[in-house]
Each structure stands twice: as structure tokens, then as C-alpha cells.
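Every heavy atom of this structure was used, including side-chain atoms; hydrogens, water molecules and symmetry mates were not.
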Amino acid sequence: MVRLAVKVMYQSLFVLIVFLEDINEFGFGYFHKSWLSSDRCEIHCKALEFLPDLSRNNSIEWIGEILRGIRPSIDTNVEQKN
């Protein structure tokens, strides 16, 4: 029996100002469904930003910062995926 490993590629897209507005209005930020089928935020007319290809732990850390309205910065200690 041959098993194939399938890697699902999913890129996290976001617009930081939307998270800040969501936090202000709702108390928390969230990824908007409309971002899955577009490369721009229609409300703000801004290009969606994306997370770089990072390790799982660093991706989780970055997403946590984005959800809190903080723009993550690439650090020399950030572990890039190979």
C-alpha cells in the first residue's frame, strides 16, 4: 500500500487596521471570510498582507500578535521554514 503525504498550503492573509477596528468594536480581532477570495480589503482598499513561511511555533506566535492588533516583526531569531 502506498501512502501519499499531502501538504495543505494555506496562507494567512490579513489587514492589521481591520484587526484594530474589530478589537475596538467587538473586543477581539478575527480573520474575515472575504479575505479568502480576494487579495485586497474592500473596505479599506488595501492589499492583504501575508504571514511568511515560518515554523509552526513562530506562525502561532505571529497569529496571536496579529489577533491582538500588533504587527509582528521579523527577528533574526525567527525560525524560517526550509
> Between Trp35 and Leu13, what is the shortest heavy-atom contact and its length?
Replying inline: CE3-O, 3.3 Å
>> If the condition is side chain to side chain donor-acceptor pair (under 3.5 Å), which residues does Glu65 pass it with, not counting sequence neighbours?
In response: none
>> Nearest 0.5 angstrom please: Phe31 CZ to Leu36 CG, how far?
In response: 10.0 Å
>> Would you compute the distance between atom CD1 of Ile63 and atom CZ of Arg68 and round it to the nearest 0.5 angstrom?
In response: 11.5 Å
> Which residues pass the ring-ring contact (aromatic ring centres under 6.0 Å, His included) test with Phe28, sequence neighbours left out?
Replying inline: none
> Between Leu48 and Arg40, which heavy-atom pair has the shortest distance, and what is it?
Replying inline: CG-N, 3.8 Å
> If only atom types and distance count, is the side chain of Ser38 paired as donor or acceptor with the main-chain N or O of Ser34 below 3.5 Å?
Replying inline: no
> Closest heavy-atom contact between Trp62 and Pro72?
Replying inline: CD2-CB, 3.3 Å
>> Parallel, tilted or perpendicular: which one describes the rings of Phe26 and Tyr30, with boundaries at 30° and 60°?
In response: tilted
>> Once rounded to the nearest 0.5 Å, what's the spacing between atom CD of Glu49 and atom CG of Asp39?
In response: 13.0 Å
> Can you tell if the side chain of His32 reaches within under 4.5 Å of the side chain of Val15, non-hydrogen atoms only?
Replying inline: no
> What distance do Ile23 atom CD1 and Leu67 atom CG have between them, rounded to the nearest 0.5 Å?
Replying inline: 8.0 Å
> Going from CG on Leu51 to CG on Asn58, what distance comes out if it is rounded to the nearest 0.5 angstrom?
Replying inline: 10.5 Å
>> I need the Leu20 CG to Glu25 CD distance, nearest 0.5 Å.
In response: 13.0 Å
> Around Ile43, counting heavy atoms of other residues, nucleotides and ligands shown, do more than 12 lie under 6.0 Å from its CD1?
Replying inline: no
